[in-house]
*Asks:* 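Got a structure here, written out as structure tokens. Questions coming.
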Amino acid sequence: MKQIIKKYKMSFISITVIILLCSLLNVLHPYILKHVLDLDFQSQDVIKQMIIIIIGYAIIHILRAAFMNLRNIKVNKTVVKILKETRQKLLKKVLSMPMKVFDEYDSTDIYTRLTADVSNMNILFADAIPVVFNNILYIIFMVIMMMIANISLGIIGIITFLMIAINSFYFVKKVKDINNIILDKRDLENKEYSELYRKNKLTYLFGLQQKNTQDMNKLLDEELRYRKKFIFVEGISLPLSRLIEAIGIFVALYYALVIDNSIGIGSIYLVVSYIRQCRTPLNEMFNQLQEMQVCFNSYKRIKKILQIKEKEDIKKGKNIDVLQGDIEFEQVYMNYGDKDVLKDISFHIKKGQKVTIVGRTGVGKTTLTGILMRLYDLTGGNILIDGYPISELSMECIRRNISYISQTPYIFKDTIRNNITLGDKNITDDQILELSSQIGAGDFIQKTDKGLDTQIVRL
């Protein structure tokens, strides 16, 4: 993952510079208006000064719009390329992983890495990081501008910023925590609804309507309690921020108009304007910081998959063109983690002999075929094919000589030919048609418009 990001280092540097310029241009509006308020309207060249300020104000707006548009284009283009390479690298890694790694990850885990986690990376790079970085710079520039205007008023503004920041951080975190609890409660309700629907006959047979209603109402009451708490916390945050803001403005005005009345009206306006503006970037920043935690977890999960170094070399070992099929298990042991699946298994299947292996679910029937094809490594013992230990035979050799039909066959969205040959170009069309006739599928293939080239659509 780091290699992909490093590849676009120059793009990130240019994006950083653009965000820096956008933040600087954002804080210049009040600074321009400060100069308007500080103008000496009795001066003879006041009109000239006004024209210069208006032109400067217009240029700032035009540049701000241009740089913001450029930032969005640059960020989206870079992120799209990163996500494309990440998905490609993830898919390549998944397709090359040894079978034992698949035992560590559920299929839904792999699917989540390729979809939801990659989407979270999009949120991280396209939204969260640019927004947080932009707002940090915005606040820093506001502080600098206030200190340039007047040090005393700047200190009042900084203290107000800090108090609003503490208030925003606390309530944003509190709202997120309560919202997560509400989502958990909703999941429990959905599970309960599903359970009640599946057991509706038992509900009627045993007269459980009242009990089920009480259990459901209990869950709904718990969710309602947290929703009320959510509304209260969210509702008190904004008034409290505005109260802090109002106190900060009052202190700034009191200092400028009573304690030190030498401060210009432009400087007063500048500080008051920035105090009023600071709440929005602070809230945006803390909201995105919460999102970034989720995104970084996705980043770690993707990184963990990409860092898997084990890769099967299917060509390593002896390559026998045709194996005759004499199979012998010698005191074979196999386990998954701490769970023993096969213990001291020994038997001999001679060439041409047909054998059926039966047993209840979970005794290891599928595992026998898995270790025979070297999908899993043995814990102990040995397996011989035509006298060759399977550890000495290449995986390519073993899997080329063994035919396998799963109990849950999978139809690929591809041609009839590729679904039968599975991409093996050594199998001719005549062989496919002959085999199809033997199993009763020949007439079906002949009735299709394109024969073996007919595309199969999975339902």
Side-chain angles (χ1 to χ4, degrees), residues 91-107 109-110 304-410 412 418-428 431 435:
L91 183 60
K92 186 178 179 181
K93 174 64 70 173
V94 169
L95 293 176
S96 66
M97 289 191 307
M99 186 58 64
K100 63 181 181 181
V101 178
F102 283 99
D103 292 333
E104 297 175 16
Y105 295 93
D106 190 83
S107 59
D109 292 333
I110 300 296
K304 188 177 179 182
I305 294 287
L306 293 176
Q307 284 180 335
I308 295 173
K309 294 182 179 179
E310 296 178 84
K311 185 178 180 180
E312 292 178 318
D313 184 359
I314 63 172
K315 296 183 182 294
K316 184 180 180 181
K318 293 180 180 179
N319 185 22
I320 311 299
D321 288 336
V322 179
L323 293 172
Q324 299 301 314
D326 191 87
I327 300 170
E328 185 174 1
F329 278 59
E330 296 180 340
Q331 297 178 313
V332 170
Y333 287 81
M334 173 63 193
N335 58 46
Y336 296 117
D338 297 331
K339 182 182 178 182
D340 293 326
V341 179
L342 301 176
K343 296 180 182 179
D344 196 17
I345 302 296
S346 299
F347 59 83
H348 189 190
I349 303 174
K350 296 181 180 179
K351 171 190 171 183
Q353 189 177 7
K354 296 180 180 178
V355 176
T356 302
I357 299 173
V358 296
R360 70 178 190 276
T361 302
V363 295
K365 302 186 298 297
T366 304
T367 303
L368 285 174
T369 59
I371 59 176
L372 180 62
M373 293 186 292
R374 289 192 61 187
L375 296 176
Y376 308 99
D377 293 327
L378 299 176
T379 306
N382 201 3
I383 299 175
L384 304 175
I385 302 179
D386 294 350
Y388 298 103
I390 61 168
S391 58
E392 296 179 5
L393 296 172
S394 70
M395 294 180 186
E396 183 182 46
C397 168
I398 293 171
R399 293 169 190 175
R400 187 180 66 245
N401 280 278
I402 297 177
S403 298
Y404 178 79
I405 300 174
S406 170
Q407 60 185 349
T408 54
Y410 187 86
F412 295 93
N418 288 337
N419 267 280
I420 294 173
T421 64
L422 297 178
D424 187 347
K425 295 181 180 179
N426 294 321
I427 302 173
T428 65
Q431 289 175 313
L435 176 63

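Nothing fancy with the numbering, it's 1 onward along the sequence.
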*Asks:* Of all heavy-atom pairs between N401 and D321, which one has the smallest distance, and what is that distance?
*Replies:* OD1-O, 3.6 Å
*Asks:* Quick one: does N382's side chain have a donor or acceptor within less than 3.5 Å of a partner on V332's backbone?
*Replies:* no
*Asks:* To the closest 0.5 Å, what do you measure between CG (L372) and CG (L378)?
*Replies:* 10.0 Å
*Asks:* What's the separation between atom OG in S391 and atom CG in D377, rounded to the nearest 0.5 Å?
*Replies:* 9.5 Å
*Asks:* When rounded to the nearest 0.5 angstrom, what is the spacing between CD1 in I427 and CG in N418?
*Replies:* 10.5 Å
*Asks:* Just wondering, do D326 and H348 contact through their side chains at under 4.5 Å, heavy atoms?
*Replies:* yes
*Asks:* Can you tell me how far the OH atom of Y376 sits from the OG1 atom of T366, to the nearest 0.5 Å?
*Replies:* 9.0 Å
*Asks:* Would you say the side chain of I320 lies within less than 4.5 Å of the side chain of Y388, judging by non-hydrogen atoms?
*Replies:* yes
*Asks:* Nearest 0.5 Å, please: how far is CD1 in I398 from CD in E396?
*Replies:* 11.0 Å
*Asks:* Any donor-acceptor pair under 3.5 Å linking the side chain of K365 with the backbone of G359?
*Replies:* yes
*Asks:* Answer yes or no: does atom CD of Q324 have more than 12 heavy-atom neighbours from other residues, nucleotides or ligands under 6.0 Å?
*Replies:* yes
*Asks:* Is there a donor-acceptor pair under 3.5 Å between the side chain of K316 and the backbone N or O of M395?
*Replies:* no
*Asks:* Carefully, step by step, assess R399 and L375 under the rule side chain to side chain contact (heavy atoms under 4.5 Å, CB included).
*Replies:* CA-CA 10 Å; R399 293 169 190 175; L375 296 176; 3.8 Å; yes
*Asks:* Are the side chain of N319 and the backbone N or O of C397 linked by a donor-acceptor pair below 3.5 Å?
*Replies:* no
*Asks:* Can you confirm whether I371 sits close enough to F329 that some side-chain heavy atom of one is under 4.5 Å from a side-chain heavy atom of the other?
*Replies:* yes
*Asks:* Considering only heavy atoms from C-beta outward, does the side chain of I385 approach that of E392 to under 4.5 Å?
*Replies:* no
*Asks:* Taking NZ in K350 as the centre, count heavy atoms belonging to other residues, nucleotides or ligands within less than 6.0 Å. Is the count above 12?
*Replies:* no
*Asks:* Taking the side chain as every heavy atom from C-beta outward, state whether L342 and Y333 have any pair of such atoms under 4.5 Å apart.
*Replies:* no
*Asks:* Out of curiosity, F347 CZ to L368 CG, how far, rounded to the nearest 0.5 Å?
*Replies:* 5.5 Å
*Asks:* Test your reading of the model: is there a side-chain donor-acceptor pair from R374 to the backbone of S394, 3.5 Å cut-off?
*Replies:* no
